[in-house]
Protein chains: 2
Amino acid sequence: MQFSSRFTIAVHILVCTAMFQEREKVTSAFLAGSIGVNPVIVRNVLGQLSAAGLVGIRAGVGGAHLARPAEETTLLDVFRAVEKDEALFHFHENPNPLCPVGRNIHTVMDSRLTDIQSAMERQMAETTLRQLVDETQEKA
Amino acid sequence: MQFSSRFTIAVHILVCTAMFQEREKVTSAFLAGSIGVNPVIVRNVLGQLSAAGLVGIRAGVGGAHLARPAEETTLLDVFRAVEKDEALFHFHENPNPLCPVGRNIHTVMDSRLTDIQSAMERQMAETTLRQLVDETQEKA
DNA sequence: TGTGTTGTAACCGTTTCGATTACAACGACA
DNA sequence: TGTCGTTGTAATCGAAACGGTTACAACACA
């Protein structure tokens, strides 16, 4: 099991936009060149980031820009913008209600599964776009 | 993105085995009946749990049993037994080395991604099979 | 030897993913 | 107003993963 690469692509898009929006017109083709994927992929992810209010896009003329300060966007925001809004875990659907385990397994597990997902999301919220941009600039 | 249902199936298998191993012969058909999936699926997952040392299986005669006390098996053990051993996140593979972002995004993100995965695994390790069995028995 | 079970291989249909082509809609500017 | 570059979106493709299912050899025990 793996998350789709849309998540890291989205992060790449945001870091690039933050670093270049003052100097360049940040188009899907420009981003695709840095990321190394097809421009249509970039446009789709960019659309999700725009719908989530993380970036603004100028239709027609072209170019993306951050819709809010880099310190206010966390990896969790990016994750939620890009991944389908569904539970992380997939439960088998037909446990046998005649079995004491089958009847109760769902209830017993549910709180644990949400705890696990929450732990992951809490850690995602610890990193801001600002930190990623600063660290990238420092290395470059 | 979702984890495959093999994880919850594996947990179901272990709880069932813990509760019934004294009284019944816990075969793949028996488990499949409680879980509501095909016996072959059960045999495959059971094989992974056996390879990880969580259960023992008596080939030929049939029947699974816990290979260690229920308090010593956590959800993390089950997860690792059942999910392929690979990173949780999938990185896009061809970032442009000529771009300061493309060149460094991997390094900048890597530690964050492993932190996120670690947070998830830490939370998984908090729940033991014993807790799940006790809670299921209590409800039944 | 016969029976019940496990371990595997093979195949199927569905879904998801990323890649790609194609084209309408849009905004700016000559 | 007409052209041009860009975005938004639909359609299609091949590959991979999943779960379901059938089939059968290997195994242990009575």
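We use all heavy atoms of the structure for the numbers below, so side chains are in, but hydrogens, waters and symmetry mates are not. Here is how names work: the chains are called A, B, and so on, in the same order as the sequence lines, proteins then strands, and each is numbered from 1.
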Is any side-chain N of the basic residue among [X] and [Y] closer than 4.0 Å to the acidic one's carboxylate O?
X: R130(A); Y: E135(A); result: no
X: E121(A); Y: R80(A); result: yes
X: D115(B); Y: R122(B); result: no

To the side chain of [X], which of [options] is closest?
X: T27(A); options: dT6(D), dT5(C), dA9(C); result: dT6(D)
X: V61(A); options: dG20(D), dA28(C), dT6(C); result: dA28(C)
X: R43(B); options: dT22(D), dT6(C), dG19(D); result: dT6(C)
X: R6(B); options: dC17(C), dG20(D), dC18(D); result: dC18(D)
X: I57(B); options: dT20(C), dT6(C), dC18(D); result: dT6(C)

Ignoring hydrogens and geometry, is there a side-chain-to-backbone donor-acceptor pair from T127(B) to M124(B) under 3.5 Å?
->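 No, T127(B) side chain to M124(B) backbone: no donor-acceptor pair under 3.5 Å.
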Quickly work out the [X] [atom1] to [N] [atom2] distance and round it to whole Å.
X: E93(A); N: dG19(D); atom1: CD; atom2: P; result: 11 Å
X: F7(A); N: dC17(C); atom1: CZ; atom2: P; result: 15 Å
X: L31(A); N: dG5(D); atom1: CG; atom2: P; result: 19 Å
X: H12(A); N: dG18(C); atom1: NE2; atom2: P; result: 16 Å
X: H90(B); N: dA16(D); atom1: NE2; atom2: P; result: 12 Å
X: H65(A); N: dT6(D); atom1: NE2; atom2: C1'; result: 14 Å
X: I41(A); N: dA19(C); atom1: CD1; atom2: P; result: 5 Å
X: H92(B); N: dG18(C); atom1: NE2; atom2: P; result: 11 Å

First of N44(B) and N94(B) reached from the 5' end of DNA chain C, by closest nucleotide =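 The residue mapped nearer the 5' terminus is N44(B).
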Taking the nucleotide of DNA chain C with the closest heavy atom to each, which residue, K25(B) or V40(B), is nearer the 5' end?
->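 Nearest nucleotide further toward 5': that of K25(B).
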So what does V37(A) hit on the nucleic acid, given a heavy-atom distance under 4.0 Å: a base, only sugar-phosphate, or nothing?
->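 Sugar-phosphate contact only - V37(A) comes under 4.0 Å of backbone atoms but never of a base.
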Heavy atoms from other residues, nucleotides or ligands near CZ of R103(B) exceed 12 (cutoff 6.0 Å) =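 Correct, the count exceeds 12.
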Should N38(A) be listed as having a side-chain N or O under 4.0 Å from OP1 or OP2 of dT20(C)?
->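 The answer is yes; a side-chain N or O of N38(A) sits under 4.0 Å from OP1 or OP2.
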Side-chain N or O of S5(A) closer than 4.0 Å to phosphate OP1/OP2 of dG18(C) |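 The answer is yes; a side-chain N or O of S5(A) sits under 4.0 Å from OP1 or OP2.
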